[in-house]
Amino acid sequence: MPELPEVESVRRDLIRRRLRGRRIVRVRGSGKPLRMNRPVPLAGLGRAARGRRIVALERLGKYLLLGLDGGPQLLCHLGMSGNLLIVPRRQPWAPHTHVVFELDDGRDLRFVDPRRFGLIDVCPRAGARAHPALAGLGVDPIAEGLPDGYLWTKAQRRTAGVKALLLDQHVVAGVGNIYASEVLWLARIAPGRPARRLGPDGARALSLAIDEVLRFAIDNGGTTLRDFVGAGGEPGENGEYLLVYGRDGTPCPRCRTKVRRRVDQGRATYFCPTCQKR
DNA sequence: ATCACGACCTGGAGGC
DNA sequence: TGCCTCCAGGTCGTGA
């Protein structure tokens with residue numbers, strides 16, 4: 001589910017719902033492991049968070065960072081099926097609720113993740129990329145912006161397809177499988193074109209398309225295919241505006257050729273065989 | 001270093 | 001109804 005626009009939508013929801021300034025009074029959880037079968041460090045989360053106020057809500061790529069007063073940060077990744085929800089404490093825990101931060105105003109911040117591909121961890125110091133999960137991340141195209149020429153420097157030595165470049169979080173932090181197809185369509189680039197053959201102009205077109213696709217999706221509250229909801233439980237509207245993802249067999253919005261589906265590195269790609277030739 | 005692939009886990013959809 | 005297979009927004013470890 002959650003690519004950059006969905007995580008950004010959650011971040012904005014959390015701000016709108018006045019999470020900032022709240023104090024965490026207790027941390028509980030299911031005890032089940034998350035990503036990589038690693039246990040959630042509930043005791044460490046409790047030590048880091050108990051009694052502290054949430055003073056910052058940031059995002060880097062698909063990671064959400066909750067800054068606490070006094071220095072530590074809580075790191076959250078939604079994986080494939082994760083949701084962060086603000087709910088009244090009296091509401092029973094939904095199935096697959098794995099981490100619960102009890103707040104000082106009678107609400108809970110809950111992490112619910114059926115497939116358990118997510119991550120919740122402590123970053124002891126608030127250094128920008130102090131956690132190993134963040135250390136190798138590439139540039140966030142929204143929070144940081146892709147510098148001129150950046151993509152082309154990253155693309156030059158790559159023989160794999162442009163889609164793989166887009167999905168590599170060490171290069172661009174935040175693009176996932178849905179928006180990769182959308183970006184390639186907008187930039188008129190064939191998904192399998194070797195990245196090194198993009199050229200500076202193709203890479204520039206790609207940068208612009210990334211920016212446009214992600215901003216548009218954020219404005220629509222992200223894409224809900226199945227599981228994704230914002231912090232208040234509402235789905236995103238962007239699915240209605242997807243141009244090619246999931247639309248195989250329908251006419252390309254530009255040239256009316258039928259959109260095709262194919263599989264690259266095990267993941268579905270949707271594209272127009274006529275107008276994506278670059 | 002780069003690349004392709006399978007594994008991780010659960011649930012929904014569709015076929016029979 | 002039930003059972004089976006396939007598929008899904010992400011990441012990580014492996015081996016070539």
Side-chain angles (χ1 to χ4, degrees), chain A residues 1-10 30-40 59-64 75-84 94-98 111-121 131-138 140 153-184 191-197 213-214 217-218 220-230 235-248 261-270:
Chain A
M1 140 228 204
E3 308 180 30
L4 187 154
E6 289 72 42
V7 180
E8 178 64 16
S9 297
V10 170
S30 67
K32 290 213 174 154
L34 297 179
R35 180 196 293 183
M36 294 276 79
N37 214 25
R38 286 202 194 103
V40 177
R59 182 192 55 72
L60 197 59
K62 299 171 191 171
Y63 289 87
L64 201 59
L75 185 66
C76 176
H77 190 293
L78 301 177
M80 216 55 154
S81 59
N83 283 306
L84 267 181
H96 310 294
T97 297
H98 296 303
F111 179 69
V112 180
D113 183 9
R115 293 177 71 181
R116 290 191 278 119
F117 288 168
L119 172 81
I120 304 265
D121 204 0
H131 192 280
L134 306 179
L137 274 190
D140 183 307
T153 63
K154 293 292 184 187
Q156 274 174 37
R157 311 229 182 124
R158 294 187 168 237
T159 56
V162 182
K163 193 193 177 204
L165 178 79
L166 282 177
L167 290 179
D168 187 343
Q169 301 299 299
H170 302 293
V171 178
V172 181
V175 176
N177 202 46
I178 294 178
Y179 298 113
S181 284
E182 298 291 296
V183 164
L184 290 166
R193 157 163 281 250
R196 65 201 303 181
R197 290 185 48 212
V213 165
L214 297 183
I218 291 169
N220 290 315
T223 299
T224 296
L225 291 187
R226 165 172 281 142
D227 305 315
F228 171 71
V229 291
E237 303 293 323
N238 195 61
E240 299 173 36
Y241 304 105
L242 293 176
L243 298 165
V244 286
Y245 185 88
R247 303 242 192 275
D248 49 321
R261 176 191 193 272
R262 67 175 214 186
V263 175
D264 296 288
Q265 289 128 216
R267 324 207 51 197
T269 309
Y270 299 86

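Note on naming: letters A, B, ... go to the chains in the order of the sequence lines (proteins, then strands), and numbering restarts at 1 for each one.
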Exercise. Would a distance-only check, ignoring hydrogens and angles, find a side-chain to backbone donor-acceptor pair under 3.5 Å from A:N83 to A:D227?
Worked result: yes

Problem set entry | Atom-pair distance (CG on A:L137; C1' on C:dC12), nearest Å | 14 Å

Exercise. Quick one: is B:dG11 close enough that its OP1 or OP2 comes under 4.0 Å of any side-chain N or O from A:S81?
Worked result: no

Exercise. Which part of the nucleic acid, if any, lies within contact of A:T224, taking any heavy atom under 4.0 Å across all strands shown: a base, the sugar-phosphate backbone alone, or nothing?
Worked result: base

Exercise. Phosphate oxygens OP1/OP2 of B:dT10: is one of them under 4.0 Å from a side-chain N or O of A:R116?
Worked result: yes

Exercise. Within this structure, what is the CZ-to-P distance between A:F111 and B:dT10, rounded to whole angstrom?
Worked result: 14 Å

Exercise. Separation of A:L167 atom CG from C:dT11 atom P, in whole Å?
Worked result: 9 Å

For this session: Taking A:E237 for its side chain and A:G221 for its backbone only, find out whether a donor-acceptor pair lies under 3.5 Å.
Result: no

For this session: Report which part of the nucleic acid A:G266 touches: base, sugar-phosphate, or nothing (heavy-atom distance under 4.0 Å, all strands).
Result: nothing

Exercise. If only side-chain N and O atoms of A:H77 are considered, is one of them under 4.0 Å from the OP1 or OP2 phosphate oxygen of C:dT11?
Worked result: yes

For this session: Could you measure between the two C1' atoms, the one in C:dG9 and the one in B:dC3, and give it in whole Å?
Result: 23 Å

Exercise. A:R267 near the nucleic acid: base, sugar-phosphate alone, or nothing, with a heavy-atom cut-off under 4.0 Å?
Worked result: base

Exercise. A:H170 side chain to A:G136 main-chain N or O, any donor-acceptor pair under 3.5 Å?
Worked result: yes

For this session: Can you figure out which of C:dC12, B:dG11, C:dG9 approaches the side chain of A:R35 most closely?
Result: C:dC12

Exercise. Nearest-Å distance, NE2 (A:H98) to P (B:dT10)?
Worked result: 8 Å

Exercise. What is the distance, rounded to the nearest whole Å, between atom NZ of A:K62 and atom C1' of C:dT11?
Worked result: 9 Å

Exercise. With both distances under 3.5 Å as the test, what is the Watson-Crick or G-U wobble partner of B:dC9?
Worked result: none

Exercise. Base, sugar-phosphate alone, or nothing: which one does A:A133 contact when heavy atoms must sit under 4.0 Å apart?
Worked result: nothing

Exercise. If you check the A:M80 side chain, which of C:dG9, B:dC3, B:dT10 turns out closest?
Worked result: C:dG9

Exercise. Taking atom P in both C:dC7 and B:dC5, what distance in whole Å separates the two?
Worked result: 15 Å

Problem set entry | Pair A:Y179-A:E6, side-chain donor/acceptor within less than 3.5 Å | yes

Seminar exercise, completed: Sorted by position of nearest nucleotide on DNA chain B, 5' first, the leading residue of A:A164 and A:R115 is A:A164

Exercise. Taking only side-chain nitrogens and oxygens of A:H170, does any of them come within less than 4.0 Å of OP1 or OP2 of B:dA1?
Worked result: no

Problem set entry | Identified pairing partner of C:dG9, criterion: Watson-Crick or G-U wobble below 3.5 Å | none

For this session: Assign each of A:A160 and A:R226 to its nearest nucleotide of DNA chain B by heavy atoms, then name whichever residue's nucleotide is nearer the 5' end.
Result: A:A160

Exercise. A:D121 CG to C:dT11 P: how many Å, rounded?
Worked result: 16 Å

For this session: May I ask you to verify if any side-chain N or O of A:N177 is less than 4.0 angstrom from the OP1 or OP2 atom of C:dA8?
Result: no

Exercise. With distance as the sole test, does A:Q169 use its side chain to make a donor-acceptor pair with the main-chain N or O of A:G174 at under 3.5 Å?
Worked result: yes

Problem set entry | A:F117-C:dT11 aromatic stacking (under 5.5 Å, under 30°) | no

Problem set entry | Gap between atoms CG and P, on A:L75 and C:dT11 respectively (whole Å) | 12 Å

Exercise. A:E3 side chain to A:I178 main-chain N or O, any donor-acceptor pair under 3.5 Å?
Worked result: yes

Exercise. In terms of side-chain heavy atoms of A:E3, which of C:dG10, C:dG13, B:dG11 is nearest?
Worked result: C:dG10

